[in-house]
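Here's the structure we're looking at; comments come further down.
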Amino acid sequence: MNRRGEQRASRRPGTDDVRRLLVGSPPIYTRRQVAEAAGISRDLAARIWRALGFATLPDDAVAFTEADLSALRRIRHLIDAGLLDERTVIRMTRALGRTTGRLAQWQAEIMIEAVLDQGRSGGGDFTRVMDTVRRLLPDFEEMLIHVWRSQLTAAAGRLMSLTELGQDVSPTRLMLAVGFADLVAFTRVTRELDEPALADLVEGFEALASDVVAAHGGRLVKTLGDEVLFTAGEPRAAALIALDLVDELKAGEEGPDVRIGLAYGPVIPAMGDVFGTTVNLAARLTAIARPGTIVADGEMAEVLGGVSDFDLVKLRRRPARGLGVVQPYVLRRPGRER
């Protein structure tokens, strides 16, 4: 190989190389040009771009590709056909941008960690990463579509199951069991562990929570490092999730303790999240719970009181910040005391 070939082979891939690999066509349009070619207003095009999570660019910056133009044309056709209005387009676009942004960041971190040799000079061989991504990209793309369709099916199924339980399902109000699980003494642990060990702890907690919630047909709404928020259509499923989380985290002697708050009642679904007094109550009950225990509200206790799978121990009434005085119950498996 001649010197020029050696330099080309050893050159670290740059942003343009990544764009060519992942997007394909180079940018050829400015903001004004891509909006005019798509037949939509520049204002709407800018709002869509921001909703996707991308920075506002100067008017004369050539930054948009044929793929961007095709996407904007699809949006214009949806609006022209009356299938979506502009407000709905922006909401759907923001949902897409936030979700895929986190997905892309997460996958990029996993791929770099898995492929890069961090011990080599220059931060590792990025060419190996590019080669691996090039080979995996078609399968990743097909899997993304498949999983999205499957998740959409699961979301529809959860709503349909609520109607079977007699709920009048409204897009602004659902009756759900809500759970908050919180790792105990996480602030102290962050001071004791080095960064790789802390990252392993957080990822392990999220992975275990995700598996347990899915196993009982619940939904992991979000994770906040040392906390997870989950929901279930039935209180029994939420209770089983909570009990399994406590048990599986302490399966080993060195496992961390978790405390969990459970509440049942109306919630407001929005942006893939859930809000409302029931959610706030579950969070407040978590603060009441001792390490390794589960505390439920009165609504959960009333529903679960006659179920043989659970024991409920009534605690003294106590104030919950912003919610007044509440009646908590400790939830545990039959015959088990803590």
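Partners of Arg42 by salt bridge (charged side-chain N to carboxylate O under 4.0 Å, His left out), not counting sequence neighbours, listed by chain and number: Asp59. Residues satisfying the side-chain contact (heavy atoms from CB on, under 4.5 Å) test with Glu302, not counting sequence neighbours, are Glu299. With sequence neighbours excluded, no residue forms a salt bridge (charged side-chain N to carboxylate O under 4.0 Å, His left out) with Arg284. The salt bridge (charged side-chain N to carboxylate O under 4.0 Å, His left out) test applied to Arg317 returns no partner, not counting sequence neighbours. Not a single salt bridge (charged side-chain N to carboxylate O under 4.0 Å, His left out) links Arg94 to another residue, sequence neighbours left out.
Between the side chain of Glu206 and the backbone N or O of Val228, no donor-acceptor pair lies under 3.5 Å. A distance-only check finds a donor-acceptor pair linking the side chain of Asp68 to the backbone of Thr65 [under 3.5 Å].
Using a 4.5 Å heavy-atom threshold, the side chains of Arg31 and Thr56 count as touching. Taking the side chain as every heavy atom from C-beta outward, Val274 and Leu229 approach each other to under 4.5 Å. Taking 4.5 Å as the limit, some side-chain heavy atom of Tyr264 sits within range of a side-chain heavy atom of Val303. Side-chain atoms of Leu22 and Val133, non-hydrogen and from C-beta on, do get closer than 4.5 Å to each other.
Residue pairs that meet the side chain to side chain donor-acceptor pair (under 3.5 Å) test with at least one member in residues 267-280, sequence neighbours left out, are Lys222-Asp273. Judged as a ring-ring contact (aromatic ring centres under 6.0 Å, His included), not a single pair has a partner in residues 265-310 (not counting sequence neighbours). The list of salt bridge (Lys or Arg N to Asp or Glu O under 4.0 Å) pairs with a residue in residues 74-85, not counting sequence neighbours, reads Arg76-Asp80. Here side chain to side chain donor-acceptor pair (under 3.5 Å) pairs that include residues 140-154, with residues two or more places apart or in two chains, number zero.
With a 4.5 Å cut-off between side-chain heavy atoms of Ile, Leu, Val, Met, Phe, Trp and Tyr, the cluster of Trp106 takes in Ile110. Val89 forms part of a hydrophobic cluster together with Ile28, Tyr29, Val34, Ile40, Leu44, Ile48, Trp49, Leu52, Phe54, Leu57, Phe64, Leu69, Leu72, Ile75, Leu78, Ile79, Leu83, Leu84, Ile90, Leu96, judged by ILVMFWY side-chain heavy-atom separations under 4.5 Å. Met143 forms part of a hydrophobic cluster together with Val147, judged by ILVMFWY side-chain heavy-atom separations under 4.5 Å.
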